Engineer: 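Below you'll find the structure I mean.
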Amino acid sequence: MSNSGNSVNELIKREYEHGFVTDIESDTFEPGLNEDVIRRLSAKKNEPEWMLEWRLKAYRLWLEMDEPEWAHLHYPKIDYNSISYFSAPKSNADAPKSLDEVDPELLRTYEKLGIPLHERARLAGVAVDAVFDSVSVTTTFKEQLAEAGVIFCPLSEAVHKHPELVKKYLGTVVPQRDNFFAAMNSAVFSEGSFVYIPEGVRCPLELSTYFRINAANTGQFERTLIIADKGSHVSYLEGCTAPMRDENQLHAAVVELVALDDAQIKYSTVQNWYPGDENGVGGIYNFVTKRGACIGRNSKISWTQVETGSAITWKYPSCVLRGENSVGEFYSVALTNNYQQADTGTKMVHLGKNTRSTIISKGISAGKSNNAYRGLVRFGPGAHNARNYTQCDSLLIGSECGAHTFPYIESKNNSAIVEHEATTSKVSDEQLFLCQQRGIDTERAVSMIVNGFCKEVFKELPMEFAVEATKLLEVSLEGSVG
Amino acid sequence: MNAVKKFPEALLCTAPQNSRLCEALQKLQQNARAQLDTLALPTRKNEDWRYSAAALSHLDTLSNNSTGQGAAEAASDGVSGYRLVLRNGLWQKDAGELPENHLVEVISFEQLNESDAALVSQSTLYQRSDLPFAQLNTAHFSEGLFIRIKKNQRLDQPLVIQYDSEDQGASYPKLFVLAESGAQATLIEEFTGASGETPACTVLTNSVTELRLQPQSQLTLIRLDLAGESVAHTGLTLAQLQRDSRLETHCAGFGGKLRRHDLKVALAEPGAECKLNGVCVTLGQQHYDNHTEIEHIASHCNSEENYRCIAADSSRIVFNGRIHIHRDAQKSNGAMNNRNLLLSNDAEIDTKPELEIYADDVKCAHGTTIGQLNEEELFYLLTRGIPKDQAATMLTLGFVVELVYQIPDENVRTLVEQKLEAFIHAAHV
């Protein structure tokens with residue numbers, strides 16, 4: 001393996017493909033967080049009084065909370081007053097009515113990122129609610145969705161158009177007091193998507209959002225709320241890229257999913273944010289609270305994630321299985337390289353009868369990174385005949401990285417069954433040798449082996465994402481062998 | 001911020017220091033005493049005490065009546081071998097029986113020579129701040145025993161160390177076991193005491209046992225937690241393994257209101273190997289907490305761990321197993337297996353098998369299950385005319401007995417099996 005050292009060094013230096021800064025004049029708040037900033041933010045978005053109150057309540061709760069320190073992460077203390085809490089591209093002030101009105105600079109940015117917007121969107125059959133920094137720029141396929149009765153719009157729009165739905169569900173899955181970062185998000189969330197699938201509707205399109213952090217020093221605090229009414233079905237895709245930046249950027253998002261009787265939500269993420277350079281300088285700090293509630297009987301929530309980016313990832317997409325026979329799934333690939341740190345996993349909280357959950361987690365650590373799986377499986381006293389299967393495997397590439405597993409398993413019901421398995425191994429010399437014998441070079445061999453390792457998760461991804469994910473792993477891993 | 005909760009007064013007031021201890025030890029003890037003021041009682045927020053902090057309320061009923069010397073003769077429980085009796089933490093020199101063949105030396109800390117005293121006082125134990133109960137022990141112990149198993153000697157019979165706690169109050173037994181190069185021995189730690197019906201905890205045995213295995217030594221530690229319901233127990237076993245040494249532990253825990261055992265093994269030099277087995281049963285309102293930690297510090301070390309736990313009625317069992325593989329510990333093998341049986345809907349089992357790995361050329365795995373008795377197996381036995389409680393007892397016993405059979409001492413094996421059967425039968429009636 002040592003002979004690949006040179007090519008490795010070259011590849012290590014490979015720059016972040018999506019690292020560029022779009023030169024658009026931004027309308028940005030001065031750094032700092034206080035009630036005044038929240039009032040201004042709320043006013044800027046023309047929010048009704050109840051929304052402002054909701055934010056302020058969250059802010060007051062946040063003030064009393066301590067930043068969590070239990071995660072297996074090390075980073076300098078964040079000064080929350082040095083961050084600007086709102087940034088909107090200025091050219092968006094008088095809201096474009098069609099794509100033609102959108103700033104061409106912006107469109108080029110999307111093009112570079114390869115977002116299937118405009119005509120490509122039509123070909124790909126994806127409706128994109130593209131979030132550029134904090135304001136939704138454009139939404140496509142709205143009419144097709146409206147025909148089916150599906151509501152898919154920016155959350156700020158939903159606050160005006162569908163206040164009854166927002167009021168009813170916002171904060172029910174992730175309450176304001178849930179945790180430090182969720183409370184902060186509740187206070188300052190600037191944008192996000194709102195999805196409502198009416199009773200019995202199967203969403204005709206795969207819904208997709210692209211988040212991008214652009215202006216320097218602005219954290220993005222988006223908030224997503226997805227409600228699947230009785231018997232409905234939706235598949236939601238989320239993908240992220242961010243430009244290169246020297247200063248660490250904070251990102252604290254909240255995603256709430258609600259599944260009523262017989263509803264199904266599939267939430268897929270490909271996260272490829274700037275991970276910092278090879279010396280661990282820069283990169284996104286990603287503190288995300290994602291949670292789904294299976295309220296109804298026979299409902300199902302499925303999380304699939306491919307995490308390759310961010311300097312720091314703190315993320316635990318969870319399912320609260322309240323309804324009888326409800327199902328929770330979590331499929332995850334988390335890859336860390338260089339100085340990246342990830343503490344990610346899931347929580348499956350079984351409350352109802354016959355609830356089932358599956359956790360498949362694959363962690364890959366390379367370089368000097370640390371990758372931890374942290375999971376909770378809890379059976380409440382009412383979770384009769386509940387079932388969980390957990391498998392978390394770690395793969396180590398290189399001798400300076402770390403792979404950790406911290407599973408919490410709590411059972412209060414004697415008819416519930418949980419099985420948990422974890423393994424840690426490295427890419428074996430035999431496997432590599434076999435590939436090399438057949439003329440496959442080391443880089444490619446490792447990529448093949450890693451892709452094989454992640455196969456169980458990739459097959460859960462929607463097609464176009466699976467392709468992107470495979471490519472992403474290759475790019476992220478390049479240079480890690482040797 | 002919440003105010004820091006303190007340990008109950010009964011555990012904080014100290015008796016005068018034993019002036020016959022050597023200087024280094026006295027100094028350590030003084031340091032520990034100085035820190036008592038700031039020592040916080042673990043709460044739910046302490047990761048290590050997340051599931052057991054609530055059970056600490058049982059310490060409130062302890063009185064600080066320093067215990068007198070209980071008169072009761074140490075019950076032998078059918079465990080045979082050389083015997084060392086500690087009553088309420090104090091060595092009873094006239095009770096028990098020590099080998100006369102000079103294979104083993106038992107020395108009070110008061111009579112330690114300089115090199116041995118250095119060995120004891122330089123332990124990593126005193127640098128750790130995450131073990132509040134061990135700190136209490138350091139602050140309080142009055143004597144302490146040093147056991148040396150001599151070089152290249154093989155102890156012909158197990159050495160039984162009986163910790164008997166009677167009356168009231170807390171006791172702080174402290175033990176340092178040195179297995180010299182090439183020595184082989186079996187130690188049996190037996191915790192006994194007030195099996196009275198007092199509803200509240202009146203006795204706490206807070207023990208610290210350190211094991212030091214020099215190159216190529218082999219030590220088997222059997223730990224029997226047999227004390228009565230009213231005895232609370234927090235114990236720490238801290239082992240350090242040098243080159244090519246081997247440690248085998250067999251822990252049998254029968255719950256009380258508050259029982260906690262921390263087993264920490266450091267594989268410090270290449271070729272060291274450990275195997276940790278444990279079975280644990282709780283009934284009624286009991287609480288048992290097993291914390292194990294295996295540190296692979298050097299390369300080429302192996303560890304294997306097997307714990308089986310059974311919780312019945314409204315009891316609670318905690319298992320926290322941790323394998324930590326350090327950066328240079330290449331070619332390490334670690335395997336952890338933890339299986340649990342919940343016999344009642346009011347019982348609770350919390351398990352957390354952790355892996356922390358910083359080396360890439362390792363094989364490490366853990367598996368955990370929580371479940372119940374298999375209905376088909378139960379049905380099969382019922383169709384053979386076996387009454388239900390008996391059938392359930394058979395199956396439950398079958399779940400743990402595999403580990404019991406690995407206990408190398410036959411007398412202990414029989415004792416544990418009988419005890420398990422009695423407990424399990426009580427759980428099923």
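Order of the sequence lines fixes the chain letters, A, B, ..., with proteins taken first and strands second; residue numbering starts at 1 for each chain. Since the model is a prediction, treat every value here as computed from it, not as a measurement.
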Engineer: Highest number of heavy-atom pairs under 4.5 Å with chain B: which of A/S394, A/S425, A/S428, A/G402?
Structural biologist: A/G402

Engineer: If I take atom CD1 from residue B/I357 and atom CG from residue A/N371, how far apart are they, to the nearest 0.5 angstrom?
Structural biologist: 11.5 Å

Engineer: Using 0.5 Å steps for rounding, measure from the CD1 atom of B/I370 to the CD1 atom of A/I417.
Structural biologist: 11.0 Å

Engineer: Taking every heavy-atom pair that is under 4.5 Å apart, which of A/N370, A/D393, A/T424 has the most such pairs with chain B?
Structural biologist: A/T424

Engineer: What heavy-atom pair brings A/K426 and B/D360 nearest, and what distance separates the two atoms?
Structural biologist: CB-O, 3.2 Å

Engineer: Heavy-atom count check: over 12 atoms from other residues, nucleotides or ligands less than 6.0 Å from B/R128 CZ?
Structural biologist: yes

Engineer: Side chain, backbone, both or neither: which part of A/N388 has a heavy atom under 4.5 Å from chain B?
Structural biologist: neither

Engineer: Against chain A, label B/R339 side chain, backbone, both or neither, depending on which of its atoms sit under 4.5 Å from a heavy atom there.
Structural biologist: neither

Engineer: Are more than 12 heavy atoms, taken from residues, nucleotides or ligands other than B/K264, located less than 6.0 Å from that residue's NZ atom?
Structural biologist: yes

Engineer: Donor-acceptor pair, B/H366 side chain versus A/E421 backbone, under 3.5 Å?
Structural biologist: no

Engineer: Assess whether atom CD of B/Q127 is packed by more than 12 heavy atoms of other residues, nucleotides or ligands within 6.0 Å.
Structural biologist: yes

Engineer: A side-chain contact here means heavy atoms from C-beta on lying under 4.5 Å apart; do A/N413 and B/L342 qualify?
Structural biologist: no

Engineer: Could you check which of B/N337, B/D328, B/L343, B/D346 has the highest count of heavy-atom pairs closer than 4.5 Å to chain A?
Structural biologist: B/L343

Engineer: Is it the side chain or the backbone of A/A416 that comes within 4.5 Å of chain B heavy atoms, both, or neither?
Structural biologist: backbone

Engineer: At a 4.5 Å cut-off on heavy atoms, which part of B/F319 comes close to chain A: side chain, backbone, both, or neither?
Structural biologist: neither

Engineer: Among the options B/K363, B/R327, B/R316, pick out the one with the most heavy-atom pairs lying under 4.5 Å from chain A.
Structural biologist: B/R327

Engineer: Begin with the C-alpha distance, continue with both residues' side-chain angles, and end with the deciding distance and a verdict on side chain to side chain donor-acceptor pair (under 3.5 Å) for A/E400 and B/Y358.
Structural biologist: CA-CA 7 Å; A/E400 288 178 283; B/Y358 295 96; over 6 Å; no

Engineer: Considering residues, nucleotides and ligands other than B/K352, do more than 12 of their heavy atoms fall under 6.0 Å from its NZ?
Structural biologist: yes

Engineer: Considering all heavy atoms of both residues, which atom of A/P407 and which atom of B/P353 are nearest to each other, and what is their separation?
Structural biologist: CD-O, 2.7 Å

Engineer: If you count heavy-atom pairs under 4.5 Å with chain B, which of A/N414, A/L376, A/L396, A/L395 comes out on top?
Structural biologist: A/N414

Engineer: With rounding to the nearest 0.5 Å, note down the distance linking NZ in A/K412 to CD1 in B/I349.
Structural biologist: 13.0 Å

Engineer: Looking at A/A372, A/S415, A/P381, which makes the most heavy-atom pairs under 4.5 Å with chain B?
Structural biologist: A/S415

Engineer: Given that the side chain runs from C-beta out, which part of B/E47 has a heavy atom under 4.5 Å from chain A: side chain, backbone, both or neither?
Structural biologist: side chain

Engineer: Rounded to the nearest 0.5 Å, what separation is found between the OH atom of A/Y389 and the OG1 atom of B/T369?
Structural biologist: 12.5 Å

Engineer: So does A/F433 have more than 12 non-hydrogen atoms from other groups sitting under 6.0 Å from CZ?
Structural biologist: no

Engineer: Please indicate whether B/K275 has more than 12 foreign heavy atoms, meaning atoms of other residues, nucleotides or ligands, lying under 6.0 Å from its NZ.
Structural biologist: yes

Engineer: Mind running side-chain contact (heavy atoms from CB on, under 4.5 Å) on B/N345 and A/H384 for me, showing each step along the way?
Structural biologist: CA-CA 9 Å; B/N345 213 8; A/H384 299 292; 3.3 Å; yes

Engineer: Could you grab the distance from atom NE2 of B/H324 to atom NE2 of A/H404, nearest 0.5 Å is fine?
Structural biologist: 8.0 Å

Engineer: Specify the closest pair of heavy atoms between B/D350 and A/S411, including all atoms of both residues, with the distance to one decimal.
Structural biologist: OD1-N, 4.2 Å

Engineer: Pick one of side chain, backbone, both or neither for B/S344, based on which atoms fall under 4.5 Å of a heavy atom in chain A.
Structural biologist: backbone

Engineer: Considering only heavy atoms from C-beta outward, does the side chain of B/R50 approach that of A/E410 to under 4.5 Å?
Structural biologist: yes

